[in-house]
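Structure record follows, encoded as structure tokens.
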Protein chains: 2
Amino acid sequence: MPKSVPDRPVLRSAKRAGGRDACATRAAILASAVRAFAAHGYDGAGVREIARGAGVTAMLVNRYFGSKEKLFGEAVAATMAQPVILAQGNLAAPDRARAFAQALEAITRPGAAPLDGFAIMLKSAASPRAAAISRAQIAKHHFQTLERTLTGPNTEERAALVLSLVAGLHQMRQTLRLPALVKADPAALTALLEPLFAQLL
Amino acid sequence: MPKSVPDRPVLRSAKRAGGRDACATRAAILASAVRAFAAHGYDGAGVREIARGAGVTAMLVNRYFGSKEKLFGEAVAATMAQPVILAQGNLAAPDRARAFAQALEAITRPGAAPLDGFAIMLKSAASPRAAAISRAQIAKHHFQTLERTLTGPNTEERAALVLSLVAGLHQMRQTLRLPALVKADPAALTALLEPLFAQLL
DNA sequence: GTCTATAAGCCGATAGAC
DNA sequence: GTCTATCGGCTTATAGAC
């Protein structure tokens, strides 16, 4: 089975005639890598596929990033630098639980675009090296952001459980597409999620 | 990096001198496949590695199961046929929440043996074909078992959310080994999980 | 800065001997 | 019932030309 990335074949719009703009090429490769890793995971995404998505050859990928593993590290760091759901720390506790529930439901909705950071982490779990990179970046970005906004006892454990809940729903609803979650009423799902977040926040 | 399966090299203890016991060979291959798929996922586990774990050659794997994909289907069906955590439906609601929390905490504890069914599903998420097989078996076994024990509104959604919670904690604590969850106090973790299950059951 | 060509190795699946 | 040997295709990474 082919693993085509039929989306926008070339991102490099602002390059010179000869195609010699190192910065734009690098950015195009990184963007293609994020898409490919989120879609197929670390083992499933090939350097050739990533190169094709950026409009270059496979050789340039290793030339710019050294190896597939280092490219994966940069892709994970780039996607996890954007906090997305978890950064709503400026709300009061009850409102925050509702905001989390609504945001999570919307993001895992069947048609919606997945969270690249979580998609990459979940689909790359089989590779120990990729898992180590994901673990480090999750701890550095998402986990810290989240734990800082919590008060009371067991903030570490509660922050980690919030991440587990997000990862679990992402996995079952958007990656695995469990029928019960795909066809579920969004409002009912949000209503079920809200008290769970309320318990943890 | 090699993908050795150094565990018990050969399971076939009750075979005749020539090694010609079709039933035992088949069982040995299936057991080795469960171990390999749980450890490395669908794409990461090779037919040769599975064969080595069963003490046979790669050719016999395809001879007995037709293809790697069919072997994966049997491995998933075998592991998910054992309900493990979710079958504690004979308890009253409040006790059941506590039993779920304790069971989930114990099973995802760092040193403990992972749930093969969830480990295979989580690590094989990158492969669409493997995901489809997992989805069907989850719906057939775990989801049905769980939903039958629930009462009240939204039983489907609540059952799916219980599965999401189990999958999420399994992923973050045992597969990814998030530091906050690895070093967490088991009792504190159980205490945090119990009200979550109480909300859903 | 980017290319073609290739090295070296693993993959799943199969043919044919015994 | 199980083996060895092999096919065709994929992978990452690199050498050398332009």
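In what follows, chains carry the letters A, B, and so on, assigned in the order in which the sequence lines appear, proteins first and then strands, with residues in each chain numbered from 1.
- Look at A:N62 and you'll find a side-chain N or O under 4.0 angstrom from OP1 or OP2 of D:dA13.
- B:F65 has its CZ atom 16 Å from the C1' atom of C:dA13, to the nearest Å.
- For A:M59, the side-chain atoms get nearest to D:dG16 when compared with the rest of C:dG16, D:dG16, D:dG1.
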Show me, pair by pair, the donor-acceptor contacts under 3.5 angstrom made by side chains of residues 180-200 of chain A, not counting sequence neighbours?
from, atom 1, to, atom 2, distance (Å)
A:K183, NZ, B:E156, OE1, 3.4
A:D185, OD2, A:A188, N, 3.3
A:T190, OG1, A:P186, O, 2.8

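- Residue A:T57 has a polar side-chain atom (N or O) positioned under 4.0 Å from OP1 or OP2 of C:dC3.
- To the nearest angstrom, C1' of C:dG12 lies 15 Å from CG of B:L60.
- Minimum atom distance to the side chain of B:V56 is reached by D:dC3, of the listed D:dC3, D:dA13, C:dC3.
- Of the possible polar contacts, one joining the B:T149 side chain to the B:L146 backbone as a donor-acceptor pair under 3.5 Å is found.
- If you check the side chains of A:E147 and A:T155, you find a donor sitting under 3.5 Å from an acceptor.
- Note on A:Y64: a side-chain N or O is less than 4.0 Å away from OP1 or OP2 of C:dT2.
- OP1 or OP2 of C:dT2 lies within a sub-4.0 Å distance of a side-chain N or O belonging to A:T25.
- With D:dG1, C:dG1, C:dG12 as the candidates, the nucleotide lying closest to the side chain of B:R63 is D:dG1.
- Inspection of the B:E49 and B:H40 side chains reveals an N or O donor paired with an N or O acceptor under 3.5 Å.
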